[in-house]
Amino acid sequence: MTLGLFFNHTGHHVASWRHPDAQADAGVNIRHYLDMARTAEQSKFDFLFFADQVAVREAHPDALSRSAQYTAHFEPLTLLSALSVVTDRIGLVATASTSYNEPYHLARKFASLDHLSGGRAGWNVVTSTAHAEAQNFGRDQHYDHAERYDRAHEFLDVVRGLWDSWDDDAFIRDKQSGAYFDPTKLHALEHKGKHFKIRGPLNVPRPIQGHPVIVQAGSSEDGREFAAATAEIVFTAEMDLASAQQYYRDVKGRMARYGRRPEHLHVLTGINPIVGRTEAEANEKHEHMQSLIHPIVGREILSTMLGGADLSSYSLDGPLPDLPQTDASKSGLYQNIVKLAQREKLTIRQLYLRLAGARGKLTIKGSVEQVVDKMEEWFRQGGSDGFIVQPSHLPGSLDEFATLAIPELQRRGLFHRDYDGETLRDGLGLPRPESRYRLARQTP
């Protein structure tokens, strides 16, 4: 199976920074990141993953002031450039939005990261949804849902075109003749589309991987189609095996119409593993983490997951109310939460305790054997190709997963003992994309 490590600076649990063993200033502590990256590589994780949002989270001040999420942390591409120097094999994946960036900027940054890391870069392509992000980039309102995805399709196509600006063998650097590059192997994109007008070429050589690995996390209808057409890794937030199997079949089943093979997309489920030497130990760890969630924070996180729905006037011990339909109601996460609340008749408090700690991802807790059993079940029964591991607090829960769960996965033959190949694409068994200009020359 494929394993990525979701590196949320203090940990993925919403109260992670309050844990006695957590690094409270982790977001701006480079030594912390260096230590965690080394641990992840020693454990043979396929890649590190960093989320991002170009705004401070919008939340009630009482909740925001009690949260370490999206308040103070490094910009991920800058950080991954630093981590590329102290790691050799692990993939380096960063989130960057198509809503509030320009294609040339991102093409240049990810191509640079790919060269800095020796071919280990990946781009998590997102369309921004937070209102605060729009306001930081000269807009009063967000792009609507359809426009965001339409822009994202064109944005990604432009970036890929810019990555192909130079043929792989364009740079001769022949001191004797004085030829630095072959001018016949330089290509200006000359793109003129609905959203962008970009001449090119890019002033960075073609990435080592051809194109950095494309990652997405779409669960909506538009998101699924986007993933089937373009993604090589897709993150999911399914909460039960049946839903995971349906998503897996659906997205992979769409790939053929884009001329793609199912094995060229890794579907990875986000999990929050609570691993103990015994079930009782794991339960104790989980209850301690849950006890650190402040009710104001729990309700606010649930509100955010529901697209900013105002829950402040409702009793925490009452049911989730019927909420007005908004653009956010179309998201897969929103729909999964509403279904969960209705299916299990959960109160708002029970719902935020279920979701806010792991921020809407599947919590698997128990002994080493129980946690690995669950992972094996999802993997073998067509629920996922692997997992995005989201440690509850750092460094503690990463160390526990690395020393307890990883060896058991390896013992069962479910996870590799060493990296395959030199690049992230090599390790994931993904083909290296041909340049669009080379393909054009080969076409009769």
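Ion pairing between D157 and R160 fails under the 4.0 Å rule for side-chain N and carboxylate O. Under a 4.0 Å N-O distance rule, the pair R441/D167 qualifies as a salt bridge. Using a 4.0 Å cut-off between a side-chain N of Lys or Arg and a carboxylate O of Asp or Glu, R254 and E225 qualify as a salt bridge. Salt bridge absent: E41 and R38 never bring a charged side-chain N and a carboxylate O closer than 4.0 Å.
For E344, the CD atom is densely surrounded, since the number of other residues' heavy atoms within 6.0 Å is greater than 12. When the shell of 6.0 Å around NE2 of H264 is examined, it contains more than 12 heavy atoms from other residues, nucleotides or ligands. Enclosure of atom OH in Y314 is not indicated, since only 12 or fewer non-hydrogen atoms of other residues, nucleotides or ligands lie within 6.0 angstrom. D140 CG: 12 or fewer foreign heavy atoms inside a 6.0 Å radius. Counting heavy atoms of neighbouring residues, nucleotides and ligands inside a 6.0 Å radius, atom CZ of R31 does not exceed 12 of them. Within 6.0 Å of atom CZ in R151, more than 12 heavy atoms from other residues, nucleotides or ligands are found, so the atom counts as buried in its surroundings. Shown here is K374, whose NZ atom has no more than 12 heavy atoms of other residues, nucleotides or ligands within 6.0 Å. Counting heavy atoms of neighbouring residues, nucleotides and ligands inside a 6.0 Å radius, atom CG of D322 does not exceed 12 of them.
A donor atom on one side chain and an acceptor atom on the other are found under 3.5 Å apart for E154 and H191. Side-chain atoms of D182 and T184 form a donor-acceptor pair, as typed in the model, at a separation below 3.5 Å.
Residue N8 holds its CG atom at 8.0 Å from CG of L394, rounded to the nearest 0.5 Å.
Partner of F7 under the ring pair (Phe, Tyr, Trp, His ring centres under 6.0 Å) criterion, chosen from Y33, F45, F74: Y33. R224 pairs in a side-chain contact (heavy atoms from CB on, under 4.5 Å) with only one of the listed residues (D250, T236, V234), which is D250.
By the side-chain hydrogen bond (donor to acceptor under 3.5 Å, both in side chains) test, Q410 is found to be paired with no residue, residues two or more places apart in sequence or in another chain being considered.
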